[in-house]
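Note that the numbering runs from 1 along the sequence shown for the chain. FYI, side chains are in, hydrogens and waters are out, and symmetry mates aren't considered; it's all heavy atoms of this structure.
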Amino acid sequence: MKNLIVVLAVAIFSVTGVKLKAQSSRETKKVEIKTSSQCEMCKERLEKAFAYEKGVKSSELDVETAVFTVEYLPNKTTPEKLQLAVTKIGYDADSLKADEKAYNKLPGCCQKGGMH
């Protein structure tokens, strides 16, 4: 009887532990990244690229403030990886400078000081 109680306790704990782990892996976080974006084309480019970025649930660029808000799964990516991804698209991300080759491929209106 004692062994049965121990087995049941372990089984209940295991099931509960798995359930808690599954819930926490779906919890998201948000990060706001200040970018060098300029216009609606920038918004479209960033949001489209981030639709394919690992761990990203959603993203939205506020064109007026140039702040890119990204909702992500912390067990799949990090704010640093997301910032780096922004730079690889051609935009500054907080204190990180844009990848030069990617920046040079942006349309003139999307480059710093570009005409809107």
Side-chain angles (χ1 to χ4, degrees):
M1 186 67 172
K2 198 174 191 180
N3 286 341
L4 180 59
I5 293 172
V6 170
V7 169
L8 286 174
V10 169
I12 290 170
F13 177 75
S14 296
V15 170
T16 306
V18 169
K19 194 174 193 179
L20 290 174
K21 186 176 181 183
Q23 286 175 345
S24 66
S25 69
R26 284 184 259 147
E27 289 179 17
T28 60
K29 289 189 176 185
K30 285 188 180 183
V31 63
E32 291 185 346
I33 301 169
K34 179 69 173 166
T35 70
S36 58
S37 61
Q38 302 288 312
C39 63
E40 288 294 325
M41 285 179 65
C42 298
K43 177 180 175 66
E44 185 179 323
R45 181 175 288 103
L46 281 165
E47 290 175 1
K48 184 176 181 181
F50 268 66
Y52 300 100
E53 192 67 33
K54 182 179 179 177
V56 172
K57 294 303 246 176
S58 68
S59 65
E60 184 176 6
L61 176 69
D62 181 326
V63 177
E64 280 188 38
T65 62
V67 173
F68 190 46
T69 303
V70 182
E71 183 179 6
Y72 67 97
L73 294 166
N75 62 330
K76 299 283 185 188
T77 192
T78 65
E80 294 78 16
K81 287 180 184 177
L82 297 172
Q83 289 173 320
L84 189 59
V86 169
T87 66
K88 289 181 179 182
I89 299 167
Y91 300 97
D92 294 349
D94 294 328
S95 62
L96 300 177
K97 294 295 178 196
D99 176 85
E100 189 175 348
K101 286 183 182 180
Y103 175 80
N104 290 333
K105 290 180 183 177
L106 293 176
C109 63
C110 295
Q111 294 181 357
K112 296 177 205 170
M115 301 304 284
H116 300 272

| said: Looking at every non-hydrogen atom in both residues, tell me the closest pair between Ala93 and Ile33 and how far apart they are. | reply: CB-CG2, 3.6 Å
| said: Between Glu71 and Ser58, is the side-chain hydrogen bond (donor to acceptor under 3.5 Å, both in side chains) condition met? List the steps. | reply: CA-CA 5 Å; Glu71 183 179 6; Ser58 68; 3.1 Å; yes
| query | How long is the gap from CZ on Arg26 to NZ on Lys57, to the nearest 0.5 Å? | reply | 9.5 Å
| remark: Smallest heavy-atom separation, Ala49 atom then Ile89 atom, equals CB-CD1, 3.5 Å
| request: Kindly compute the distance separating CD (Glu47) from OG1 (Thr69), expressed to the nearest 0.5 Å. | output: 9.5 Å
| query | Would you say the ring centroid of Phe68 lies under 6.0 angstrom from that of Phe50? | reply | yes
| said: So if I apply the side chain to side chain contact (heavy atoms under 4.5 Å, CB included) rule between Glu80 and each of Thr78, Thr77, Leu84, Leu82, which one comes out positive? | reply: Thr78
| field | Verdict with reasoning, Glu53 to Val70, per side chain to side chain contact (heavy atoms under 4.5 Å, CB included) | value | CA-CA 11 Å; Glu53 192 67 33; Val70 182; over 6 Å; no
| task | Please report the closest heavy-atom contact between Cys110 and Met41, naming both atoms and the distance. | result | SG-CB, 3.8 Å
| Between the main-chain N or O of Lys30 and the side-chain N or O of Glu32, is there a donor-acceptor pair closer than 3.5 Å? | no
| remark: Value for CG (Leu61) from SG (Cys39), rounded to nearest 0.5 Å, stands at 9.5 Å
| remark: In short, Gln38 meets Val63 closest at the heavy-atom pair O-CG1, 4.1 Å
| message | Between Asp99 and Gly90 (side chain of the first, backbone of the second, donor and acceptor by atom type, cut-off under 3.5 Å), is there such a pair? | response | no
| task | Taking the side chain as every heavy atom from C-beta outward, state whether Thr87 and Gln83 have any pair of such atoms under 4.5 Å apart. | result | no
| note | Note: Lys88 and Ala102 closest approach over all heavy atoms is O-CB, 3.2 Å
| request: Apply side chain to side chain contact (heavy atoms under 4.5 Å, CB included) to Asp92 and Tyr103, showing your working. | output: CA-CA 9 Å; Asp92 294 349; Tyr103 175 80; over 6 Å; no
| field | Lys76 side-chain N/O to Lys54 backbone N/O, donor-acceptor pair under 3.5 Å | value | no
| Once you round to the nearest 0.5 Å, how far does CG of Leu73 lie from CD of Glu27? | 10.0 Å
| query | Can any side-chain N or O of Lys112 pair as donor or acceptor with the backbone N or O of Tyr91 at less than 3.5 Å? | reply | no
| said: Looking at Glu64, is its backbone amide N or carbonyl O close enough to the side chain of Asp62 to form a donor-acceptor pair, meaning the two atoms are under 3.5 Å apart? | reply: yes
